[in-house]
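Note: hydrogens, waters and symmetry copies are ignored here, and every other heavy atom, side chains too, is used. Keep in mind the model is a prediction, meaning the values are calculated, not measured.
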Amino acid sequence: MDLKFARTELTAKPKKAELAKIEAAVEKEESVIFYFDRENSHKDLLELQDHFEAKGKSFYMTEVRYGLSDNEYMYQVHIIN
């Protein structure tokens, strides 16, 4: 599973997301929201969902559009303990 966080600028490259850091943030907080880049495959995000649901967490994923173009979107993932 190779995940990338959402870009902070349109011309910037997305930063890689490590599963260990995501898990640490989820364990630290009661509710965490992450934004993932459009370059992530939907399959990888579904694997992330399966991973956290297997641990008993609630996982919600939505597509967030921030422009009119078809490629101007990101994924919002909300994980709740």
task = Would you please test Glu39 and Lys13 for salt bridge (charged side-chain N to carboxylate O under 4.0 Å, His left out) and show each step?
result = CA-CA 10 Å; Glu39 289 183 6; Lys13 292 193 177 208; over 6 Å; no
ask   = Side chains of Val26 and Phe34: closer than 4.5 Å at any heavy-atom pair?
value = yes
ask   = Parallel, tilted or perpendicular: which fits the ring planes of Tyr73 and Tyr75, with parallel below 30° and perpendicular above 60°?
value = perpendicular
key: Residue pair Met74 / Arg65, side-chain heavy-atom distance below 4.5 Å   = no
ask   = Do Ile80 and Lys57 have side-chain heavy atoms sitting under 4.5 Å apart?
value = no
query = Any side-chain heavy atom of Asp37 sitting closer than 4.5 Å to one from Phe5?
reply = no
inquiry  = Nearest 0.5 angstrom please: Lys4 NZ to Asp44 CG, how far?
reply    = 9.5 Å
key: Spacing of CD belonging to Glu53 relative to CG belonging to Leu48, to within rounding of 0.5 Å   = 10.0 Å
Residue pair Lys21 / Leu19, side-chain heavy-atom distance below 4.5 Å = no
inquiry  = Can you tell me how far apart CD1 (Ile79) and CD (Glu27) are? Round to the nearest 0.5 Å.
reply    = 10.0 Å
ask   = In Å, rounded to the nearest 0.5 Å, how long is the span from CG of Leu3 to NZ of Lys16?
value = 10.5 Å
ask   = Does Asn71 offer a backbone N or O that forms a donor-acceptor pair with the side chain of Arg38 under 3.5 Å?
value = yes
